[in-house]
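Here the structure is laid out as structure tokens; the discussion comes afterwards.
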Amino acid sequence: ETDANVYRMRLVQNIHVHDDGEVEYTFSPSSPICPIALPLILAIMDVLKTVEGISHQKVKVINFSGAEELNSILATLPASNPKN
């Protein structure tokens with residue numbers, strides 16, 4: 001709806017790609033009560049799974065009222081990308 005990508009909107013920040021293929025980043029929804037935070041971060045993670053050379057992801061949710069719960073959910077997901 002904003003015609004801006006997640007990086008320009010600063011939803012994805014502090015991106016670090018390690019030599020072993022691990023990528024770490026933070027996700028900060030546009031609102032502390034963003035109703036689509038979970039589907040949005042899952043979509044971001046799915047896109048990163050298609051990037052060649054990325055073997056696994058670590059994401060931390062910040063600036064969100066349900067960050068603790070969302071981080072717990074994300075911690076239960078497989079860390080590795082299936083294609084790598």
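Once rounded to the nearest 0.5 Å, the distance linking CD1 of I41 with CD1 of I73 reads 12.0 Å. Interatomic distance, CE of M45 versus CD1 of I54, reported as 11.0 Å (0.5 Å rounding).
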- Message: Before you tell me yes or no, could you show the steps for V6 and I44 under side chain to side chain contact (heavy atoms under 4.5 Å, CB included), namely the whole-Å CA-CA distance, both residues' side-chain angles and the distance that decides it to 0.1 Å?
- Response: CA-CA 9 Å; V6 295; I44 292 166; 4.1 Å; yes

- Task: Before giving the answer on side chain to side chain contact (heavy atoms under 4.5 Å, CB included), spell out for V23 and H56 the whole-Å C-alpha distance, their side-chain angles and the decisive distance to 0.1 Å.
- Result: CA-CA 6 Å; V23 63; H56 51 287; over 6 Å; no

- Verdict with supporting geometry, L40 and L11, side chain to side chain contact (heavy atoms under 4.5 Å, CB included): CA-CA 10 Å; L40 187 54; L11 302 179; 3.8 Å; yes

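When each of Q57, Q13, K60, H16 is tested with Y25 by the rule side-chain contact (heavy atoms from CB on, under 4.5 Å), just one qualifies, namely Q57. When each of V59, I62, L74 is paired with F27, the side-chain contact (heavy atoms from CB on, under 4.5 Å) condition holds for V59 and for no other. When each of V47, L77, I36 is tested with L42 by the rule side-chain contact (heavy atoms from CB on, under 4.5 Å), just one qualifies, namely L77.
Residue pairs meeting the side-chain hydrogen bond (donor to acceptor under 3.5 Å, both in side chains) criterion with at least one partner in residues 61-75, sequence neighbours excluded, are S28-N63.
Under the 4.5 Å side-chain criterion, counting only non-hydrogen atoms from C-beta, P32 is not in contact with F64.
With sequence neighbours left out, the salt bridge (charged side-chain N to carboxylate O under 4.0 Å, His left out) criterion links K58 to E22.
For the pair A37 and L70, the tightest heavy-atom approach, listed with the atom from each and the gap, is CB-CD2, 4.1 Å.
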